[in-house]
Structure formats: structure tokens, C-alpha cells
Amino acid sequence: MTEAAPQRLFRDEARTEAVQCLACGGPIALRGFGAIQRVVCPACGSVLQPEDSGALALLHRAARAHQPSVLPLHARGRLEGATWEIVGIAWRRILHPRWDWQEFLLYNPYRGYRYLAHSVEDGHWSLGQVIPGAPKVVDGKHHAIEHRGRRYRHFSGADAHVTYAEGEFPWQVQVGDVAHIDDFVAPPHGISIEEVSGRDGVELTRTAMRHLDADEVWRAFERPDKPPRQKGVGMLAPNRWAEQSRSLWLSCLGLMIAWYFAVQYVAGRCSEREVFLATDLRFDSVLSQEVTIGEPGASTTVEVSFTAFPLDNSWAFAEVVLIPVDGEDAIGLGLEASSYHGFEDGESWSEGDRQVDRILGRVAGGRYLLQVTPERDTSSLDDPLGLGLSGFGPRSPDTYSLRLREDVWLTRYAALPVPVILGFPLFAWLLGRRRERKRWQNSDHPK
């Protein structure tokens with residue numbers, strides 16, 4: 001009795017020469033060998049299945065016109081350091097809101113399959129590869145997953161319909177197939193989880209995606225002209241403003257540290273020499289005194305300090321004038337010191353300063369006539385019982401002091417560059433936030 005031939009576990013590898021479509025007779029060249037599950041004739045759209053012998057069996061006869069995609073079937077391109085061939089093309093669509101994209105199945109006999117997706121709506125591209133296992137679900141307010149140390153936020157979920165297909169596929173595909181897709185993003189990376197319900201249950205496919213620039217795709221496949229124009233912010237498009245903001249913050253931190261030490265160095269070199277000091281001056285007379293400031297032919301900064309005492313719920317004022325001995329342009333300023341305090345609604349309050357400092361910049365060196373005309377609050381003279389404001393009687397100051405120092409550091413110079421230094425990363429951060437809002441407007445979780 002002759003033994004039956006053993007059943008083959010795998011069909012023979014398909015021949016690389018062209019075979020004919022059983023429906024229209026058009027030539028079909030197989031590229032994927034033993035992994036092919038479905039072949040869709042690019043000419044008529046009929047669905048065929050490879051048999052164990054390598055021949056094709058007709059599953060579904062169709063008649064439809066060939067529709068050109070943004071990249072043609074069997075085009076070859078170089079990505080990730082390898083040459084890939086487009087062996088299958090599927091057009092997919094989400095109905096509400098409508099969103100169309102084209103998926104190009106790339107094949108390399110040494111690296112397997114990759115998925116190149118092109119969004120027809122906004123012109124953005126992404127490249128994907130199936131990953132084994134399931135990402136970790138992250139607990140929290142927002143639906144998120146984690147894979148290889150990177151956290152992905154849920155972007156959108158919807159049913160995708162196959163509207164067109166041609167070429168060969170390692171899975172069963174035909175027009176009308178529906179799959180539920182959930183996209184998770186961590187731009188420029190993403191993970192797409194596709195759920196298909198069939199007779200054998202639910203099948204999940206997880207694909208890791210990354211954004212590709214349109215110019216990179218066009219150069220890889222050596223396409224003429226220019227790629228389709230990109231619009232808006234793609235789901236995986238990198239946020240270069242946010243990336244630049246992070247680097248700018250680090251750069252500005254370095255600049256702020258450098259500026260701090262520069263300020264300390266320059267301030268330390270200032271002599272702050274005392275030009276004039278007088279205390280216990282009376283308010284009933286005008287001060288007139290000749291002083292020498294700086295060096296002739298050079299300019300310097302001058303600090304004028306005015307202090308009145310005692311100062312209790314009252315004020316004092318001094319008009320200070322510097323008149324150059326050998327010139328005509330006088331420098332004048334008014335200084336007012338005040339101190340008020342009291343109780344209101346059971347709480348104490350206070351305001352004012354007993355000492356007032358003013359800095360004059362770019363004062364020409366030379367001899368000056370210093371004139372000071374003081375004034376004071378005289379309300380205490382009309383309030384001998386000291387009742388005054390909120391039960392605290394005013395006390396007019398008796399004396400005042402005046403001090404002049406030259407070559408002092410202008411603190412406004414230290415603060416002036418700070419808004420400029422911080423402005424660049426702040427501007428980049430604001431643009432990055434704006435770009436993220438545009439991206440998430442197309443998601444299920446608009447910001």
C-alpha cells in the first residue's frame with residue numbers, strides 16, 4: 001500500500017516571474033514570496049490568493065479603473081539605509097470627520113515589511129513597523145500608553161475603511177474592509193493599534209510610527225517635481241519650536257550665569273568714592289557747596305542720597321541742583337522722603353521711605369556748585385496734641401543729611417539685558433504652545 005504524501009506546512013515560494021490575473025489577464029509580479037496572503041490586481045481590482053504551488057486562485061472578480069497613488073506600485077526607494085519596494089497600496093478613509101490617507105507596503109527581502117503612510121488631507125508622511133507585544137497602559141486622567149520608556153498620549157480613535165487596494169499583502173485585504181484604529185502620539189513618534197474583528201476573534205496589530213519629511217520621501221524614491229504641499233500640523237509632525245525652546249532655555253541659563261559674573265566684576269571695579277557728605281543739616285537754610293566730581297574730560301555716575309529724621313507720619317523734600325562752574329547746563333532733581341503708618345480695620349500698615357537714593361548717569365567730570373533747597377511737613381506745628389493720622393500724630397523732621405558718591409554701579413544696566421535674554425526662549429515656548437494647540441485640534445481631545 002502506497003503511503004500518502006506528507007502534507008506541507010508551508011506552500012512553496014512564489015516564482016518571481018510575472019503571472020497573469022485570472023480575471024483580466026493583466027501581468028502580476030509577485031515580490032513577497034511565501035508571506036503573501038492576498039494579491040489585488042492593479043488593473044481590474046480582482047482579489048486573488050496564492051496557492052501552495054505558487055499559482056493564483058481567483059477569490060473575487062472585480063472591474064474597476066486603476067487609480068494612480070502619490071507613489072506608484074513597484075517604485076523603489078532607500079530609507080533607513082536599505083532599499084525598499086512598494087509591493088502593495090491601500091487607500092483608507094475615516095468617515096466622520098472624513099480623513100483619507102494612502103498606505104504603501106514596503107518590502108525588503110532581508111528586513112521584511114514597513115508601512116509608509118501619506119495623509120491626503122494635510123500631506124504629512126510617516127513610516128511604521130509592526131512591534132511585538134503590547135505597550136503598557138499608563139494610569140491617569142488622560143488615556144496613554146508607554147513603550148520602551150516613551151509615553152504616548154491618545155490622539156484619536158475611529159473606524160477606517162479600505163476604499164482601494166492594489167498589489168500584494170501579507171494579510172487578507174479587500175475593498176470594504178473595516179478596522180478600528182487608535183493612534184497614540186509622542187511627536188515625532190507614534191503607535192497605532194489596529195483592531196480587526198473576524199471569524200476567529202479579534203486581531204490586534206501594533207505599529208510603531210515616526211514622522212518623515214516630505215522632501216526625504218521624495219528624494220528616497222527619486223520622484224520628479226515637488227512633493228504634495230503639507231498643511232497645518234500633522235499628527236506626528238515634530239514641534240521644532242518646543243525643541244528650540246528647551247535648548248534656548250539652557251543657553252539662556254548659561255548666559256544669565258555669565259552675565260551675573262560680568263555684573264559682579266564690573267560692579268566690583270566701581271570705586272563708589274564719596275564726593276560729599278553732610279549730616280544734621282537744618283531745614284531753615286539753603287545749602288551751597290562746591291564739589292569736584294570725577295575727572296575732567298570723562299563722565300561718571302553719581303548717586304545722591306537724601307535722609308530726613310525723625311520722620312513719623314510726615315514728609316520731607318529736597319531740591320538738589322548741580323551747577324557746573326565752567327559750564328551752563330545744570331543738573332537738577334527732586335528727592336522726597338516720607339514715612340506713614342497706622343491701623344485700619346484692626347490691621348497695621350506702613351508706607352514710604354525715610355531714605356531716598358537717585359543715580360545720575362553720564363555726569364561730566366569737573367567742579368560743580370551743589371545747591372540744596374529743603375522743605376518739610378509742618379502739619380505737626382498745627383497739631384500740638386499729636387492726634388494726627390489714625391491717632392498717630394505727625395512729627396516734622398528736624399534735620400536731614402545729604403551724600404554724593406561717584407562711580408557707582410547703575411543697577412538698571414544689570415537688569416536691562418534680562419528681558420532680552422529671556423525673551424527668545426519665551427517667544428519660542430509661546431510658538432511651541434500654539435503649534436501644539438493646532439495639532440490637537442484634529443484629535444479627539446482638542447486643547
Side-chain angles (χ1 to χ4, degrees), residues 267 270 272-294 299-325 327-345 347-364 366-416:
C270 294
E272 298 187 351
R273 187 179 70 87
E274 192 170 82
V275 174
F276 174 82
L277 176 63
T279 60
D280 297 330
L281 298 174
R282 308 296 296 181
F283 279 89
D284 54 4
S285 62
V286 176
L287 172 66
S288 183
Q289 177 74 40
E290 184 175 315
V291 295
T292 301
I293 298 176
S299 61
T300 185
T301 54
V302 176
E303 180 189 62
V304 182
S305 299
F306 170 68
T307 307
F309 46 107
L311 203 58
D312 192 5
N313 280 327
S314 60
W315 56 268
F317 180 82
E319 182 182 7
V320 180
V321 181
L322 289 171
I323 305 173
V325 176
E328 297 180 354
D329 297 330
I331 303 173
L333 70 157
L335 303 173
E336 181 178 358
S338 62
S339 177
Y340 294 95
H341 61 90
F343 282 92
E344 185 177 351
D345 297 331
E347 296 184 358
S348 62
W349 59 270
S350 62
E351 62 181 13
D353 292 308
R354 290 181 171 88
Q355 177 178 321
V356 182
D357 301 321
R358 294 289 186 271
I359 297 181
L360 303 173
R362 300 185 62 83
V363 177
R367 293 184 303 146
Y368 287 84
L369 179 62
L370 171 64
Q371 289 186 350
V372 181
T373 304
E375 297 180 31
R376 61 174 175 169
D377 181 10
T378 58
S379 58
S380 62
L381 303 178
D382 302 325
D383 188 17
L385 297 180
L387 297 178
L389 183 65
S390 301
F392 292 86
R395 182 177 179 182
S396 299
D398 298 327
T399 60
Y400 72 93
S401 65
L402 190 75
R403 182 182 66 176
L404 271 68
R405 294 191 304 165
E406 68 176 16
D407 193 23
V408 296
W409 170 249
L410 279 172
T411 54
R412 65 173 178 265
Y413 288 167
L416 185 62

Above 12 or not: heavy atoms from other molecules or residues under 6.0 Å from CG of Asp329? no
Say whether, by atom type as modelled, one donor and one acceptor occur between the side chain of Thr300 and the main chain of Gly294 under 3.5 angstrom. no
Are Arg358 and Glu303 close enough for a salt bridge, meaning some N to O gap below 4.0 Å? no
Closest approach of Val408 and Cys270, non-hydrogen atoms and distance? C-SG, 4.3 Å
What's the spacing between Glu290 CD and Ile323 CD1 if we round to 0.5 Å? 11.5 Å
With side chain to side chain contact (heavy atoms under 4.5 Å, CB included) as the test, would you mind laying out the steps for Phe317 and Phe306 before giving the verdict? CA-CA 9 Å; Phe317 180 82; Phe306 170 68; 5.7 Å; no
Phe309: ring-ring contact (aromatic ring centres under 6.0 Å, His included) partners, not counting sequence neighbours: none
If you compare all heavy atoms of Ala364 against all heavy atoms of Tyr368, which two are closest, and at what distance to 0.1 Å? O-OH, 2.6 Å
Separation of Leu369 CG from Leu322 CG (nearest 0.5 Å): 9.0 Å
Nearest atoms (heavy-atom pairs only) where Gly361 meets Thr301: CA-CG2, 4.1 Å
Evaluate side chain to side chain contact (heavy atoms under 4.5 Å, CB included) for Leu287 paired with Leu281, printing each intermediate quantity in order. CA-CA 8 Å; Leu287 172 66; Leu281 298 174; 4.1 Å; yes
Contacts of Ser339 that satisfy side chain to side chain contact (heavy atoms under 4.5 Å, CB included) - sequence neighbours left out: Leu311, Arg354
Checking Asp377 against Ser396: is there a side-chain donor and acceptor pair closer than 3.5 Å? no
Ignoring hydrogens and geometry, is there a side-chain-to-backbone donor-acceptor pair from Arg376 to Pro397 under 3.5 Å? yes
Hey, could you give me the OG1/CD distance between Thr373 and Glu375, rounded to the nearest 0.5 Å? 8.0 Å
Which atom names give the shortest non-hydrogen contact between Ile359 and Trp409, and what distance separates them? CD1-O, 3.9 Å
Nearest-0.5 Å distance, CG of residue Asp398 to CG of residue Asp284: 10.5 Å
Taking only residues two or more places apart in sequence, or in another chain, which ones meet Glu272 in a salt bridge (charged side-chain N to carboxylate O under 4.0 Å, His left out)? Arg405
